[in-house]
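None of these values were measured; they are calculated from a predicted model.
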Amino acid sequence: MEASRGSEVVYEFPPLLRVYKDGHAERIFVSKVVPPSVEDPKTGVSSKDVVIVPQTGVSARLYLPKITHPRPQQQKKLPLLIYFHGGAFCIETAFSPTYHKYLNLLVAEANVVAVSVDYRRAPEHLLPVAYDDSWAALQWVVSHSNGQGPESWLNDHADFDRIFLAGDSAGANISHNMAMRAASNIADEKLSSSRLKILGIVLVHPYFWGVKPVGAEERDMDKKEMMDKLWPIICPSSTTTGNDDPLVNPVTNPNLSTLGCNRVLVCVAGKDILRDRGWFYYETLGKSGWRGVVEILESEGVDHGFHLFNSRSEKAVKMMKRLVSFLNQDNKVITTSRL
């Protein structure tokens, strides 16, 4: 980039960010964008894009599985999945080929209605912007619970008694924090006037971190050093607590037991540097006094986000089956398992 010439690089975390001595930062990886589809040829899923907040550009891609009932409005309503994409709050988008392909597959397999949120990203928009955008999207979705929202797909097909939040990496972080915010904002007029019932959240390879090393984090000191520096860059407002900010280190939150959902599924990858944070979250939530059910699934021998890049691999297929079971509220609860 032209503005970067002659400026010394002081921090680089491929493919996320590059920060220069003069203070400016740039995104290394720029996501491509693919259009929605009337009916995806592989899955039969339809999608369309909507603008949620015109003033900020917060938007989403809606997904609807193939409706087979001759009178769609008489068909049984489907679970509603609100999905937040990953990318360390810096890269990727709800409209990228990676996430469009994955959401098509997930919606088809689970037979759910989905809203894939496109929040604003760092470095142009530092945290907490992504959280505020995601909260605005959640409010917009729930505004359809009376059947009179602006989007017919949500009015006609979504079951607002079965709302799930899900995401991978940064999106998993957002899902957790939206469930925490929902619990602490129960008196919020915009939500209390609507039906908000988060049945469960799915945290895939969640981006959680902390000051004190957990598990095997120190085995790769180069990666640990990059991780240590990332949060203060994308969330400079948390300078007091840094990597122990409850937004990124939820086990430091004294109100963790108030998490606003009934069930949690945590998915971790065996080779991921974030693996032990996922396990720590699972163990701490389970002991916190929270009254829900928390489950964990480890996919051994694979790394962060493996399911996005090889969705047909054996472990990705097994993880997908677990997500589908969770979203359809399988009565069989498995608290710990490995693939």
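- The residues E295 and R263 are annotated as salt-bridged, a charged nitrogen and a carboxylate oxygen being separated by less than 4.0 angstrom.
- Residues Y281 and I273 share a hydrophobic cluster, clusters being chains of Ile/Leu/Val/Met/Phe/Trp/Tyr side chains in contact below 4.5 Å.
- For the pair W209 and L230, the minimum side-chain heavy-atom distance is 4.5 Å or more.
- D272 pairs in a side chain to side chain donor-acceptor pair (under 3.5 Å) with only one of the listed residues (R277, H205, H304), which is H304.
- The salt bridge (Lys or Arg N to Asp or Glu O under 4.0 Å) pairs that include a residue from residues 40-56 are K48-E151, D49-R61, where partners are two or more places apart or lie in different chains.
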D132/R181 under salt bridge (charged side-chain N to carboxylate O under 4.0 Å, His left out): CA gap, chis, key distance, verdict: CA-CA 10 Å; D132 294 338; R181 189 179 292 198; 3.4 Å; yes

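- The aromatic rings of Y207 and F89 are tilted relative to each other, their planes meeting at an angle between 30° and 60°.
- No side-chain donor-acceptor contact under 3.5 Å links D168 to the backbone of V204.
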Just distance, no hydrogens or angles: give the donor-acceptor pairs under 3.5 Å from side chains in residues 101-109, sequence neighbours left out.
from	atom 1	to	atom 2	distance (Å)
N104	ND2	H100	O	3.3
N104	ND2	H100	NE2	3.3

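- For the pair M221 and E218, the minimum side-chain heavy-atom distance is below 4.5 Å.
- Here the side chains of E298 and W279 are in contact, with some heavy-atom distance below 4.5 Å.
- Listed here is the closest heavy atom pair of T252 and D244: OG1-O, 3.0 Å.
- Y20 pairs in a side chain to side chain donor-acceptor pair (under 3.5 Å) with only one of the listed residues (E8, E12, E26), which is E26.
- The distance between the ring centers of H144 and F160 does not fall below 6.0 angstrom.
- The heavy-atom pair separating Y99 from Y63 by the smallest distance is O-OH, 4.1 Å.
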